[in-house]
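Right, one structure below, let's go through it.
By convention in this document, chain letters (A, B, ...) are assigned in the order of the sequence lines, proteins followed by strands, and residues within each chain are numbered from 1. All values below were derived from every heavy atom in this structure, side-chain atoms included, with hydrogens, water molecules and symmetry-related copies excluded.
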Number of protein chains: 2
Amino acid sequence: MAYRETAQVRARKDGVRVAILEAARALVGQGGFRAAQMTAVAAGAGVATGTIYRYFPTQIELFAEVFRDNSQREVEAMLAATVGDGNCTQRLNRALAMFISRALRNRRLAYALIAEPVDPQVEAERLRYRQAYAMVLEKLVQEGIVSGEFAPQDAHVTATALVGVLGEALLGPLLHSVPTARESVADSIIALCLRAVGAKA
Amino acid sequence: MAYRETAQVRARKDGVRVAILEAARALVGQGGFRAAQMTAVAAGAGVATGTIYRYFPTQIELFAEVFRDNSQREVEAMLAATVGDGNCTQRLNRALAMFISRALRNRRLAYALIAEPVDPQVEAERLRYRQAYAMVLEKLVQEGIVSGEFAPQDAHVTATALVGVLGEALLGPLLHSVPTARESVADSIIALCLRAVGAKA
DNA sequence: TTAAGAAATGAATTTGGATTCAATCCATGG
DNA sequence: CCATGGATTGAATCCAAATTCATTTCTTAA
């Protein structure tokens with residue numbers, strides 16, 4: 001028994017794992033998943049390609065984790081925007097604005113998360129996170145219905161639909177970068193969503 | 001000059017081309033684009049794989065054409081639903097119902113057209129057709145705004161958003177086949193869309 | 001120091017389908 | 001019937017990127 005993993009080694013290994021994830025994230029944020037080839041990730045992380053496989057069984061699992069890390073952040077940001085002062089309309093407004101502004105701030109990453117063609121297994125993560133966004137919104141919509149602030153409706157369908165609105169309506173601004181129009185598009189999207197839930201004007 | 005293409009040959013070649021497209025379409029409608037391998041398409045069309053390449057330069061171009069053929073049909077169906085009697089609300093209602101019912105009737109195909117992970121070049125077609133759906137809806141929304149039937153709004157953003165609603169809200173029903181709930185989901189989606197455009201209740 | 005076991009390396013291999021192309025078949029007009 | 005040139009065939013080839021693994025380099029504890 002001449003070797004046993006020490007805290008020191010553990011720490012370095014954790015560091016390597018993080019470095020790989022960050023390199024992948026950087027590449028995805030730059031050129032999407034298509035730019036995150038294993039050789040590129042390895043180079044970015046300062047390791048050999050083979051090393052990646054000591055930390056992630058396949059590229060797809062690495063991608064899935066990158067996807068989750070980034071999406072989780074977005075879900076939490078949106079959730080954070082829903083708590084606090086204000087009625088349901090105001091809180092929904094905040095949540096939508098949060099999502100939109102974050103997406104527009106980091107467009108390449110947002111595109112990768114929202115619409116870039118990816119492997120089916122990564123697409124499955126995407127689906128899961130769309131449901132996560134929807135759950136955040138559903139709670140809020142449900143609350144608004146109960147309080148009489150929103151129209152009676154199937155809150156689940158509505159929440160899912162709002163996620164669709166966000167994804168689709170942002171696609172244009174994400175792809176064709178037109179700085180001028182972005183602000184107004186964001187306002188239009190939010191206004192539409194508020195009408196959709198039947199928020200009192 | 002012992003050979004020149006005759007009408008007879010032309011006809012047979014056209015037939016082969018159609019057979020290839022139909023075989024591809026059948027496979028896509030069955031198991032999505034992932035099921036439409038060149039060998040499978042060739043087998044379905046009753047030709048050798050090499051023959052496909054005398055009619056389509058690459059698999060991707062074949063897929064793109066299959067995608068266009070199918071999508072074009074949907075756009076036209078939706079457009080047809082918008083013409084005729086009724087106010088804008090009723091016509092919009094018809095258009096949405098048409099899209100939804102057609103998608104639910106042919107779920108595997110709808111999934112392939114709406115959300116299946118595909119090659120970027122096919123994804124580009126998808127984007128183009130989403131814009132085509134949006135244009136149909138935009139016209140209608142614009143008309144409703146002018147007539148005072150709908151709320152003032154950016155008709156382009158609204159139309160794009162409605163396309164997003166249709167895609168996202170249908171994903172669930174398309175994937176997890178729950179016959180019972182479908183009818184009510186369709187109604188919920190339409191109701192939400194009508195609220196979104198600010199149609200008078 | 002050293003033996004034992006991990007971890008890292010990166011060139012070589014694998015892979016799963018699309019794509020090619022030499023050989024063969026067919027249609028045409030003379 | 002023949003010569004010409006297009007059409008068809010499908011086994012062999014290609015491809016690009018992920019993945020492997022024999023070798024080398026570290027780490028540890030005795």
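Proximity of B:Tyr55 to the phosphate of D:dA7: no side-chain N or O atom is located under 4.0 Å from OP1 or OP2.
Rounded to an integer number of Å, the gap from CG of A:Asp119 to P of C:dG17 is 13 Å. One atom, CD of B:Gln37, and another, P of D:dG10, lie 18 Å apart when rounded to the nearest Å. Remark: C1' of D:dT4 and CD of B:Glu5 are 16 Å apart, rounded to the nearest angstrom. For B:Tyr53 and C:dT20, the OH to P distance is 7 Å, given to the nearest whole Å. The CE-P distance, from B:Met38 to D:dT9, rounds to 14 Å in whole Å. We find that NZ of A:Lys13 is positioned 21 Å from P of D:dT25, with the value rounded to whole Å. Distance, A:Ile60 CD1 to C:dT15 P: 16 Å, rounded to whole Å. In this structure, A:Arg10 places its CZ atom 15 Å from P of D:dT27, rounding to the nearest Å.
Nucleic acid contact for B:Thr58: sugar-phosphate only, since backbone atoms but no base atoms lie under 4.0 Å from a heavy atom of the residue. Among the heavy atoms of the strands lying under 4.0 Å from B:Arg12 are primed sugar atoms or P, OP1, OP2 only; no base atom is included.
When side chains are defined from C-beta on, B:Val163 does not count as touching B:Glu168, because their heavy atoms never get closer than 4.5 Å.
The side chain of B:Arg54 lies closest to D:dG6, out of C:dT9, D:dG6, D:dT19. For B:Thr51, taking side-chain heavy atoms from C-beta onward, the closest of the listed nucleotides D:dT9, C:dT19, C:dA8 is D:dT9. Closest approach to the B:Thr49 side chain among C:dT19, D:dA7, C:dT9 is made by C:dT19 (side chain taken as heavy atoms from C-beta onward). Nearest to the side-chain atoms of A:Ala48 among the listed nucleotides C:dT9, D:dG10, D:dA7 stands C:dT9. Of all nucleotides listed (C:dT9, D:dT9, C:dT19), C:dT19 comes nearest to the side chain of B:Gln59.
When each of A:Leu162, A:Thr82, A:Thr160 is checked for a side-chain contact (heavy atoms from CB on, under 4.5 Å) with A:Leu137, only A:Leu162 meets the rule.
Side-chain contact of B:Gln72 with B:Tyr129: a donor-acceptor pair under 3.5 Å is present, judged by distance alone. Side-chain polar atoms of B:Glu149 and B:Thr89 form a donor-acceptor pair below 3.5 angstrom.
A salt bridge is defined here as a Lys NZ or Arg NE, NH1 or NH2 lying under 4.0 Å from an Asp or Glu carboxylate O, and B:Glu65 with B:Arg17 meets this definition.
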